[in-house]
Every structure is written in structure tokens, then in C-alpha cells.
Chemist: 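What follows is a structure written as C-alpha cells; I'll ask about it next.
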Amino acid sequence: KQEVTQIPAALSVPEGENLVLNCSFTDSAIYNLQWFRQDPGKGLTSLLLIQSSQREQTSGRLNASLDKSSGRSTLYIAASQPGDSATYLCAVRGETGGFKTIFGAGTRLFVKA
Amino acid sequence: ETGVTQSPTHLIKTRGQQVTLRCSSQSGHNTVSWYQQALGQGPQFIFQYYREEENGRGNFPPRFSGLQFPNYSSELNVNALELDDSALYLCASSLGPFPGVTDTQYFGPGTRLTVL
């Protein structure tokens, strides 16, 4: 059974700092891994999608890496801004179990001005 | 904006009642997935529909059921509501369920269901 864990659960940093969010998964048989952002009480916004054959994806100040064999992904945020404050969720879509997408519980990020 | 809409935004029901939540996917997206998100947790996969057929289901009882229509709209129905069903319900659309196809999931804003 796939389990997804995100560390840390919460993070508070000063504006301008570079930071790394971690995601680990127990079953390496995945199709892809996706990082999302969620603002309080809102839906999810897709940030980056990494296919299982890829090692990383970049979009602006965001860079996500995937090490499928070790069951790990990281989301790197450069030069953090107060507008980055949100919950960041990673999700894996597995090769077994009917294409289920399994989410971690998220990392709550607060960037102080 | 993801192009995925959900209605209603908020809903209050009492225990034992039935509820229908609606989702409108992006045009051309043949797959819709539904998720339940309790407060402070990540979304939990309920089920997925591809071209009007259910093709994946999470650990939810049969009183959670769904429909997908040819016009890219879908429904989540929950019978015999329980207090623990109180949550944010999210739908997500994507092009298809198969690998090799762009599989980004686009989420709607969600419906907040409160069961009293």
C-alpha cells in the first residue's frame, strides 16, 4: 500500500530564503509525481508534474526533483516571498491499484516579510 | 484558473440525508477524479471515471457513488450522510488515465460539506 510522507509538517522562514520541502513514498512503482499548492479553504493549484522517467522539472523559482528508486522528491523554492505562503502537497499516481493518486498531508509554509 | 468548476461552494446537511455535488471539467478532459479532504489532511482519493465508466476506487463505502456525463460534467452522490463526511470535496480533471499521456490533474475550488 502506497504511503506518502511530507517533512516538515510546517515551516516558517524569512523572506528571501531558499528552502526545500521533502516528500517520500513507499512504493516506487509510480507513473508520476505532482506538486500542488493549496491556499486556505481553496482548491489545489498544480505546480510541477514529474513523469517517472524524469529526474526534475523547473518552473520559475520552483525546481522539483524525483529519485524514484529511493522513493524521494524535493521541491526547491528560491528567494521565497510572502505570497508563497500556503500548504504544499505532493501526490503520486501509482502503477497498481487503478491509477489512484495518493497525497501526502502537506507542508504548511509561512514566509515572513 | 484551472477551468474546472464545482457547485455548490458550501452545503450544510443533517445526518442521514443524501447530497449531490457537481463538477464541470475542462473541455476535452475525459477523466474526472473525486477527493475528500478533511481539515488539516491531504486529499483522499474516492474514485475516478474515464469516459463515463468508473475505473478506480479508493477505500470508500458504496454509499459514495458517482456519475460522469458526455458533456464533461460529473456528480458525486453520498447517501446516508455521517458526521465524518464533513470535509472539502474536490474534483480534478485530466486528459486520460493512461501513462504516456499528459496527466496533470486540474482541480476545482471544492465544495465544503458540513454534516450536522
Side-chain angles (χ1 to χ4, degrees), chain A residues 1-7 9-10 21-25 27 29-54 57 59 64 66 68 73 86-108, chain B residues 1-7 9-10 21 23-24 26 30-50 53-60 87-114:
Chain A
K1 176 187 171 186
Q2 180 73 273
E3 293 182 2
V4 179
T5 303
Q6 291 188 245
I7 294 173
L21 308 181
N22 297 290
C23 172
S24 62
F25 47 95
D27 185 347
I30 64 170
Y31 285 135
N32 59 53
L33 183 146
Q34 195 165 357
W35 282 93
F36 294 90
R37 168 191 172 131
Q38 185 174 32
D39 293 290
K42 305 293 186 183
L44 278 64
T45 300
S46 177
L47 298 173
L48 291 163
L49 173 76
I50 310 176
Q51 302 290 356
S52 62
S53 58
Q54 298 174 322
Q57 285 286 332
S59 176
L66 174 64
K68 185 180 167 183
S73 176
T87 296
Y88 291 81
L89 295 152
C90 74
V92 297
R93 180 165 286 208
E95 294 180 356
T96 58
F99 307 107
K100 291 179 188 178
T101 298
I102 307 298
F103 279 82
T107 294
R108 292 176 60 187
Chain B
E1 291 296 325
T2 64
V4 180
T5 60
Q6 291 186 244
S7 63
T9 304
H10 296 88
L21 310 182
C23 172
S24 179
Q26 282 195 23
N30 294 307
T31 298
V32 64
S33 303
W34 285 89
Y35 296 84
Q36 180 194 69
Q37 186 178 25
L39 204 60
Q41 299 182 19
Q44 299 290 315
F45 176 79
I46 302 175
F47 44 58
Q48 173 176 290
Y49 279 76
Y50 176 70
E53 297 278 340
E54 182 181 304
N55 72 343
R57 190 175 184 93
N59 296 326
F60 282 81
L88 181 68
Y89 287 85
L90 298 161
C91 73
S93 75
S94 57
L95 280 173
F98 304 111
V101 176
T102 301
D103 207 19
T104 297
Q105 293 190 68
Y106 297 93
F107 279 77
T111 293
R112 172 73 63 186
L113 173 65
T114 301

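So you know, we letter chains A, B, ... as the sequences are listed, proteins then strands, and number each from 1. The shown structure was predicted, so the numbers you read here are calculated from the model rather than taken from an experiment.
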Chemist: Can you check side chain to side chain contact (heavy atoms under 4.5 Å, CB included) on Thr101(A) and Ser33(B), steps first, answer last?
Modeler: CA-CA 9 Å; Thr101(A) 298; Ser33(B) 303; 6.0 Å; no
Chemist: Look at the rings of Phe36(A) and Phe103(A) and say which category their plane angle falls in: under 30° parallel, 30 to 60° tilted, over 60° perpendicular.
Modeler: tilted
Chemist: Which atoms of Leu44(A) come close to chain B, meaning under 4.5 Å heavy atom to heavy atom: side chain ones, backbone ones, both, or neither?
Modeler: both
Chemist: Which residues pass the salt bridge (charged side-chain N to carboxylate O under 4.0 Å, His left out) test with Asp39(A), not counting sequence neighbours?
Modeler: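 For Asp39(A) the salt bridge (charged side-chain N to carboxylate O under 4.0 Å, His left out) partners, ignoring immediate neighbours, are Arg37(A).
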Chemist: Side chain, backbone, both or neither: which part of Tyr35(B) has a non-hydrogen atom closer than 4.5 Å to chain A?
Modeler: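 The side chain, not the backbone.
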Chemist: Between Gln105(B) and chain A, with a heavy-atom cut-off of 4.5 Å, which part of the residue counts as in contact: side chain, backbone, both or neither?
Modeler: both
Chemist: Verify side chain to side chain contact (heavy atoms under 4.5 Å, CB included) between Trp35(A) and Gln57(A), making sure each step is shown before the conclusion.
Modeler: CA-CA 11 Å; Trp35(A) 282 93; Gln57(A) 285 286 332; over 6 Å; no
Chemist: Give, as side chain, backbone, both or neither, the part of Gln6(A) having an atom under 4.5 angstrom from any heavy atom of chain B.
Modeler: neither
